[in-house]
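The block underneath contains the structure these notes are about, expressed in structure tokens.
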Amino acid sequence: MSKTEKLNFQTEVKQLLNLMIHSLYSNKEIALRELISNASDATDKLRFQALDNDKLYGNDSELKVIVDYDTSSKTLTIADNGIGMDREDLINNLGTIARSGTKEFIANLSGDTKKDANLIGQFGVGFYSSFIIAKEVVVETLKAGHDQAYRWTSQADGEFTIDEIKKDSRGTTVFLKLKDEEHEFLDAWRLQSIIRKYSDHISIPIQMYKTEMKKEEMVKSSELETINNTNAIWTRNKSDIKKKEYEEFYKSLSYDSDEPLAYYHNRVEGKTEYTSLLFIPKKAPFDLYDRDNQNSIKLYVRKVFVMDANEKLVPQYLRFVKGVIDSQDLSLNVSREILQDSPLVDTIKSGVTKRVLTSLQAMADKQPDDYQIFWDQFGKVLKEGPAEDFANKENIAKLLRFATSKTDQQKVSLDAYIKNMPEGQEAIYFITADSHQAAKNSPHLEIFKKKDIEVLLLSDRVDEWLVSSLYEYNGKKLQSIAKGDLDLGKLDNEDQKAEKQKIEKQAKGIIERIKKTLGEKVKDVKVTHRLTDSPACLVVGEHDISGNLERILKAAGQNTPESKPILEINPNHELIKKLEKVDENQLFSDYASVIFDQAILAEGGQLEDPIGYVNKVNKFIAK
């Protein structure tokens, strides 16, 4: 006669179970993932214990997990032929929230055995995710080497029953009596897709009964088929993997039809153990600039997919990297869905980041053509790095590429720029603009072209963010040629400096007249040392935001600090010389306004009164 016991859960779990079932897991698919992981654990436990006692296998040494469903009884079943449980195991492992038999099992291992134990369910509550989709859960189990089997039953109401039953084979079978609204888990295709998504790389076969069409109805056959791949490519030795295998895995992972530009397979051992297999695509995806996109890096824990984990394991500026990271002992919260902040996570993120940056630098040094392909596709994203990652700022800066006043394509590194600097140049000069053409034709470049000094042309929107955080490189200050007073230092000789002072003295009168005429439109009017061919240009103070950044912020609907430009005039230009000869105040005002408006247009700005500007120009043309 069988014996039935009714027991209470060993914690005040009625409220806890209700909270966990409705709040802890955000994705119902996880219930099947957790149960398959538990089943895989059970087979691993049997395998290890059988090392000392191979009789535990009996006549069944082919370990597997079988997933089945019954539409008539609305039941989902997960069965394994692993170690099984006795009465004490059921009470300890299923009767207590936040306790894990696997965790306790690992704690009892030692030496190399502990290192090699591919056990997954270390998080205590995974089994109870069953109640997300099931109104009742029944567990039937027979422990290897034992004769007595048991049935554990609960409806998540704070208590459970244990019955003594008969069971012919060792292992555990979990029956989920599904809730009325969860019938999607009675569909073969749906179950197979969940298995492939989360458990494709578990090392034991996960099997289901084949289905076939009979009389316009899908019918299950008696033949089992293996659903999962069982082969996690990243767990194999690199020397055993062909390039074609890496490429095919990348395509299946990323849904990209092209081969990757590069891939990096790395295994880290020691205090922190993890494996990373990372890919650099050839082409940027359509959602590259979506910083909330989280589907590039897939996190596995002992070959079980846990989550897409970009933000926790790679910085945002490396979001173009595709791949997998598989941790042996990564700490997760009880739901396995959200990574806990921990030193271990930080260590993995730091290691992966350095690995990617080092690999990109190697590509830049040894395969410059490939690196140029990479930069053309992902350079704008990498430029976000110096502002986000202070620790790696110098390494990121080394990877940056720029167009210059001498090179249209973004291919000049900061190291190459410094190498080409003339003797006496102490700063890295740059200019920002809203297009490459605008930067290339900026009047601010005139003196630099005359002196054959190279200037970085920054026309990507992210460049303003870049230069706000990258102040210097290799001891050289980055200096905007459109900010503050221009001091070329040793690049100007004493005669040139004396000539500048002389011009400033001679232009005092015209400077005062223009300043008075423009009034509140400008912060100041000065003689320029930047221009050789243009009559005037606008600059801002050393610590003011640039005109380009101001326009970007306004276009994004953001308020900007109020600042006025400085008008610099070129007294040697014919227009300024003509202006000096104008005595009539209104005509002088019109001339000064046109010169000021032209300077605004030259730097890509918008006029407050475009019609007024057009009328003045038309009047001058008509004369």
Side-chain angles (χ1 to χ4, degrees), residues 260-264 266 276 278-282 284 288 296 313-323 346 349-422 425-432 436 439 453-481:
L261 182 64
Y263 55 85
Y264 313 111
N266 190 41
S276 61
L278 308 173
F279 299 89
I280 307 294
K282 275 184 182 176
L288 178 65
S296 290
L313 294 175
V314 292
Q316 283 279 11
Y317 67 90
L318 294 182
R319 61 184 176 274
F320 52 82
V321 177
K322 304 284 187 182
D346 293 339
K349 184 174 183 176
S350 175
V352 170
T353 301
K354 288 179 180 176
R355 173 66 176 172
V356 173
L357 295 178
T358 301
S359 300
L360 287 175
Q361 188 60 56
M363 184 193 294
D365 294 339
K366 300 174 183 177
Q367 300 163 293
D369 291 342
D370 283 351
Y371 188 76
Q372 193 61 50
I373 293 172
F374 160 78
W375 180 261
D376 291 342
Q377 295 295 317
F378 304 108
K380 292 179 184 177
V381 174
L382 195 62
K383 285 180 179 180
E384 298 171 10
E388 294 181 8
D389 189 352
F390 180 81
N392 290 298
K393 182 188 287 190
E394 199 76 8
N395 292 330
I396 300 167
K398 197 176 180 68
L399 291 167
L400 301 179
R401 297 294 184 266
F402 302 95
T404 75
S405 51
K406 297 181 179 182
T407 307
D408 283 341
Q409 191 178 4
Q410 290 188 13
K411 61 191 305 182
V412 177
S413 69
L414 292 176
D415 286 327
Y417 178 93
I418 292 173
K419 185 178 179 181
N420 293 332
M421 283 168 48
Q425 183 178 338
E426 298 175 349
I428 298 172
Y429 295 111
F430 71 87
I431 185 170
T432 59
H436 174 74
I453 301 171
E454 193 169 23
V455 178
L456 303 180
L457 306 184
L458 308 185
S459 56
D460 295 330
R461 286 197 165 199
V462 71
D463 287 331
E464 291 284 1
W465 194 17
L466 170 66
V467 295
S468 70
S469 56
L470 189 63
Y471 311 114
E472 66 172 29
Y473 176 77
N474 202 14
K476 303 290 185 182
K477 178 184 175 183
L478 269 73
Q479 182 175 324
S480 170
I481 64 171

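Heavy-atom minimum distance, Met363 versus Ala262: CE-CB, 3.6 Å. The heavy-atom pair separating Pro386 from Ser469 by the smallest distance is C-OG, 3.7 Å. Scanning all heavy atoms of the two residues, the minimum distance from Lys322 to Pro281 falls at CG-CG, 4.0 Å. When all heavy atoms are compared, the tightest approach of Asp408 to Ala403 is O-CB, 3.2 Å.
Between Leu261 and Asp370, some side-chain heavy-atom pair lies under the 4.5 Å cut-off. Within the 4.5 Å cutoff, side-chain heavy atoms of Ile280 are placed close to those of Tyr264. Counting heavy atoms from C-beta on, the side chains of Leu466 and Leu400 come closer than 4.5 Å.
Applying the side-chain hydrogen bond (donor to acceptor under 3.5 Å, both in side chains) test to every pair with at least one member in residues 376-394, sequence neighbours left out, gives these pairs: Arg291-Glu384, Arg291-Glu388, Tyr317-Asp389, Arg319-Glu384, Gln372-Asp376, Lys383-Asp460, Lys383-Asp463, Asp389-Asn392.
Leu457 contributes atom CG, which lies 10.5 Å from atom OG1 of Thr432 (distance to the nearest 0.5 angstrom). For the atom pair OG (Ser459) and CD (Gln410), the distance works out to 6.0 Å, reported to the nearest 0.5 Å. Here CG of Leu414 is found 6.5 Å from CG of Leu478. Values are rounded to the nearest 0.5 Å. In this structure, Leu456 CG and Ile431 CD1 are separated by 11.0 Å, a value rounded to the nearest 0.5 Å. Separating the OG1 atom in Thr407 from the CZ atom in Arg401 is a distance of 12.5 Å, to the nearest 0.5 Å. Rounding to the nearest 0.5 Å gives a distance of 10.0 Å between CG of Leu399 and CG of Asp415.
Across Phe374, Phe279, Trp375, a single residue satisfies ring-ring contact (aromatic ring centres under 6.0 Å, His included) together with Phe320, and that is Phe374. Exactly one residue among Gln425, Glu454, Lys476 makes a side chain to side chain donor-acceptor pair (under 3.5 Å) with Tyr417. That residue is Gln425.
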Distance-only donor-acceptor pairs under 3.5 Å for side chains of residues 353-360, two or more places apart:
{"unit_1": "Thr353", "atom_1": "OG1", "unit_2": "Lys349", "atom_2": "O", "d": "2.7"}
{"unit_1": "Thr358", "atom_1": "OG1", "unit_2": "Lys354", "atom_2": "O", "d": "2.7"}
{"unit_1": "Ser359", "atom_1": "OG", "unit_2": "Arg355", "atom_2": "O", "d": "2.8"}

Please walk me through it: do Gln361 and Asn395 pass side-chain contact (heavy atoms from CB on, under 4.5 Å)? CA-CA 8 Å; Gln361 188 60 56; Asn395 292 330; over 6 Å; no
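A donor-acceptor pair is defined here as one N or O able to donate and one able to accept, closer than 3.5 Å; no such pair exists between the side chain of Tyr473 and the backbone of Ile418.
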